[in-house]
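Here is how names work: the chains are called A, B, and so on, in the same order as the sequence lines, proteins then strands, and each is numbered from 1. What's counted below: heavy atoms across the whole structure, side chains too, no hydrogens, waters or symmetry copies.
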Protein chains: 2
Amino acid sequence: MAKLSIRDIAQRCNTSITTVSFVLNGKADEKRISTELKEKILKTIEDTGYKQNLFARGMRTGKTNMIGLIVEDISNAFFSAVARIIEEDAYKRGYKIIYCSTDDNTEKSKELIKLFIERNLDGYIITPPKGLEEEIQSLINNKIPVVLFDRYFPDLETDYVVVDNFNASKKAVQHLTGAGFENIALVTTSSAQTQMLERYKGYEKTIIENGKEPKILKLPYDHSAAQNVKSISAYLKKNNELDAIFFSTNYLAFQGLEAINELKLKIPDDIAVVAFDDQDFFRIYNPSITAIAQPVKDISLKLIDILLQKMESDKKPVEKVVLSTNLIVRNSSLLTRKDKLTHPK
Amino acid sequence: MAKLSIRDIAQRCNTSITTVSFVLNGKADEKRISTELKEKILKTIEDTGYKQNLFARGMRTGKTNMIGLIVEDISNAFFSAVARIIEEDAYKRGYKIIYCSTDDNTEKSKELIKLFIERNLDGYIITPPKGLEEEIQSLINNKIPVVLFDRYFPDLETDYVVVDNFNASKKAVQHLTGAGFENIALVTTSSAQTQMLERYKGYEKTIIENGKEPKILKLPYDHSAAQNVKSISAYLKKNNELDAIFFSTNYLAFQGLEAINELKLKIPDDIAVVAFDDQDFFRIYNPSITAIAQPVKDISLKLIDILLQKMESDKKPVEKVVLSTNLIVRNSSLLTRKDKLTHPK
DNA sequence: TTGAAAGCGCTAACAA
DNA sequence: TTGTTAGCGCTTTCAA
C-alpha cells in the first residue's frame, strides 16, 4: 500500500487538507469544524491507517517528540535504572528517548550535546560533567528545556533533581560511629562534581565534629577498575588502623570489596563497609552491605515531570529538587564481636 | 543568530543551492564541481556554522540516521552493557540510538515497534518476545534492516547474533558433574524463547546422557523477584537431595542466592551454583560464583556491524551468527570437602 | 465554517 | 560544470 498523505484523506472526505490538518491537531473545536465532518475525517484516518509524516510535521513545528537522556554511563546500574523508569513514563506521554553516555568526559559531552541539538530534540535530561556550564546555559538561552540530575551547577539557574548527598554521608558516618567504629575512611573519586563534593564534605565535617581526623583516598576518575582495586588494597594495608570504609559510589564499593577479599579481611570485624547507592548486590552479598539508597523512582519521575512541564510552558519557574536518601543498615556495619571497643586488632 | 539555510550558503558563495547540496552530500566529485568552488562552499559552511535541517533532509531521503534498540529490559546488566557498546560504535558512525524495553511482553512490543516505525528509524536491533514473528517479517518485507539478538525465530530468515546456549548449558552441567556433583537442578523461566529452550535442552540432554534424571524448576516470567525467591527456597527444601543448581539467567541466579542465604545453605558444600551470564557481582561474591560469560562486546559489535552493512546495501546476504560462551569456573562449583563423594548430607 | 495557497529546507531530475 | 525548478507533506494565514 502506498503511503497516504493528508491530501488523500482530504480527497476521500471531500474536504480540504486544511480542515484535515485542523482535526489532526485537535483544533476542530477551536476552528468550529462541524462535528459531522470531524467524525468523518477521524473515521477515514482510522480506516485507512493514515499516519502523519513526522518529517514534514517537524519541519513546520520544529518538534520531534524526542527527549535526550545524557548520562555518565548507561551501563551503570543507577543510570540504567533511571533510564528504565524515564522511558516507561515518557512513552506513555508520547515521547521517545535517545540516550548517550558521557563517561564524564567534558569534550565528549560537548560533542554529544552538539549532535543532539542538530536533531532538534524537544528536551534534555542530563548528568553534566564539569565544564559543561556554557552548553547548558546556551540550551536555556535558546529556550530548550533541560533538567539536570545527580549533580548540578550551583552558579546556573537550572532545574535539577539531586539527592541530599551531604546529609547522606553524614548519616553514614554517624551510623558507623554509633556502631562503634572509630577510624572511618572515605574512598571517593577525584571528580569535582557537586554530588561528589557534597558526599566528601558530609563525611569530612561529620568526622571532624566527632573529633576525628578525616582519612580520604581519592581515586582518579580515569583509572581502570583493576587499578582502583590495587590502590584501595594498598591503602588498606598502609592504614591498618582503619576499622571502617565508606565508599562514595557503587562501583567504588565493588572495587573495594574486591580489595578487601584479596586482603582476606573479614567484614565487618576487620573492616566495616558502607556504600553509596544501593543495589540488589548489596542485599545479597555475604555479609550484606549497608548502603545509602537513592530514591531512583522518585528521581526519575520527578525528572520527566519537570521536563514535560517545561516543554508545555516556558513560563514554568525553575524547580530545584533535593530528595533525601535512605540509609539501609545491613550486616557489613554491625559488629559481631562485642569486645570490639577495646581495639584488639 | 537566525538559522541559516542552504540558500544562504549558496548566496554567500554566489552559486546555486544545487551545488551546495551536492557538496553537502559528498557528490562534489561525482558531479565534477570545481575544487575551488567546493573549497569555498566548505569554508563558508565552516565559518557560518551552518547545519542542515534534518527534517527537510529526512523528508526527501526518508533517512533519520537513528537506530531503534528494542531490548527486554534496559536496566538488566546484560542489556545495558550491550546498549553501552552499541551506542559507542553507532555514534562514531553517525547514528543515534533510541531504546525501549519490552518486558518480554508481546503486545507491548508490537505497540513499541509500531511507534518506532512511525519515526522512520533506519534500522533495528531487537530481542523479540514470542509472537513477534509477523512484525519482524513485515519489517523485512519493507526492506527495513533488522538484526535480532539473544534469541531469534527459527522459522524466519533473519539476521541474528546469539550465543550457543545449548553447548553453554552442556558445559555447565559437565563441569558440575566433573567436579563431583550428582544431583543437578536447573532453575529457569517458563519463557518459550529460543535462548531459554536451548539452555533447557542443553541441560536436559547432558543430564540424561549422564544417566541422571533432569530436575527442573520453571518460574513463570511474570512472577516478582520476591515470589521467585520463595519458589526457589521451597523447591530446595523439598528436594534436599540436590547438590547443585544451574540458573539459566543472571536475575534468577540473584534470586537463587537469596533463597540459598535464607536457608543458610553453604555454597558449594551444601549446594553448588552455576549462573548463566557473568557479572562483576559473581566474581566478587563470597564464594565467587561460577558463570557462563557471554561475549558481550563481540555480540554488540557484530550486531551493529551487520546492521550497518544491511543499511548500506539491501543485497547483503542474511547472516546468522552463533558465538560461543566461556565457562568461568569459580569457587561456587568447586568442593572444599574432600569427602563429598560419599554424600554425607 | 471551510478552503486556497504560501512556504518551511532540501534533493535531484532536467536544462543549460 | 552549474543552475532552475518541481515537488516532498505539512501548518497556518488569509480570504471567502
Could you pull out all donor-acceptor pairs under 3.5 Å where a side-chain atom in residues 33-44 of chain A meets a protein atom, sequence neighbours excluded?
residue : atom : partner : partner atom : Å
A:Ser34 : OG   : A:Leu37 : N            : 3.3
A:Lys43 : NZ   : A:Asp47 : OD2          : 2.7
A:Thr44 : OG1  : A:Lys40 : O            : 2.7

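- Applying the ring pair (Phe, Tyr, Trp, His ring centres under 6.0 Å) definition to pairs two or more places apart or across chains, those involving residues 90-113 of chain B are A:Tyr99-B:Tyr99.
- Looking at residues two or more places apart in sequence or on another chain, you find no ring pair (Phe, Tyr, Trp, His ring centres under 6.0 Å) involving A:Phe55.
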Side chains of residues 140-150 of chain A: which donor-acceptor pairs under 3.5 Å do they make with residues two or more places apart or in other chains?
residue  : atom : partner  : partner atom : Å
A:Asn141 : OD1  : A:Gln137 : NE2          : 2.9
A:Asn141 : ND2  : A:Gln137 : O            : 3.4
A:Asn142 : ND2  : A:Ser138 : O            : 2.7
A:Asp150 : OD2  : A:Gln195 : NE2          : 3.4

Under 3.5 Å, which donor-acceptor pairs link side chains of residues 4-11 of chain A to any protein atom two or more places apart or in another chain?
residue : atom : partner : partner atom : Å
A:Ser5  : OG   : A:Arg7  : N            : 3.0
A:Asp8  : OD2  : A:Ser5  : N            : 2.7

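- For residues 60-69 of chain A, every residue pair satisfying the side-chain hydrogen bond (donor to acceptor under 3.5 Å, both in side chains) rule, not counting sequence neighbours, is listed here: A:Thr64-A:Asp122.
- When the salt bridge (Lys or Arg N to Asp or Glu O under 4.0 Å) test is applied to A:Glu319, the partners found at least two apart in sequence or on another chain are A:Lys302, A:Lys316.
- Nucleotides of DNA chain C that come within less than 4.0 Å of any heavy atom of chain A span, from the 5' end to the 3' end, C:dT1 to C:dG9.
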Dump every N/O contact between nucleotides 12-16 of chain D and the protein below 3.5 Å, one line per pair.
residue : atom : partner : partner atom : Å
D:dT12  : OP2  : A:Lys27 : NZ           : 2.9
D:dT12  : O4   : A:Thr18 : OG1          : 3.3

Donor-acceptor pairs under 3.5 Å, side chain of residues 69-83 of chain B to any protein atom, not counting sequence neighbours: which ones?
residue : atom : partner  : partner atom : Å
B:Glu72 : OE1  : B:Arg151 : NH2          : 2.6
B:Glu72 : OE2  : B:Tyr221 : OH           : 2.6
B:Asp73 : OD1  : A:Arg84  : NE           : 2.8
B:Asp73 : OD1  : B:Ser75  : N            : 2.9
B:Asp73 : OD1  : B:Ser75  : OG           : 2.9
B:Asp73 : OD2  : B:Ser75  : OG           : 3.3
B:Asn76 : OD1  : B:Phe78  : N            : 2.8
B:Asn76 : OD1  : B:Asn250 : ND2          : 3.3
B:Asn76 : ND2  : B:Asn250 : OD1          : 3.3
B:Ser80 : OG   : B:Asn76  : O            : 3.4
B:Ser80 : OG   : B:Ala77  : O            : 3.4

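- An angle of 40°, rounded to 10°, separates the two end axes of the helix from C:dT1-D:dA16 to C:dA16-D:dT1, each defined over five pairs.
- Considering only residues two or more places apart in sequence or on other chains, B:Arg93 meets the salt bridge (Lys or Arg N to Asp or Glu O under 4.0 Å) condition with B:Asp89, B:Asp305.
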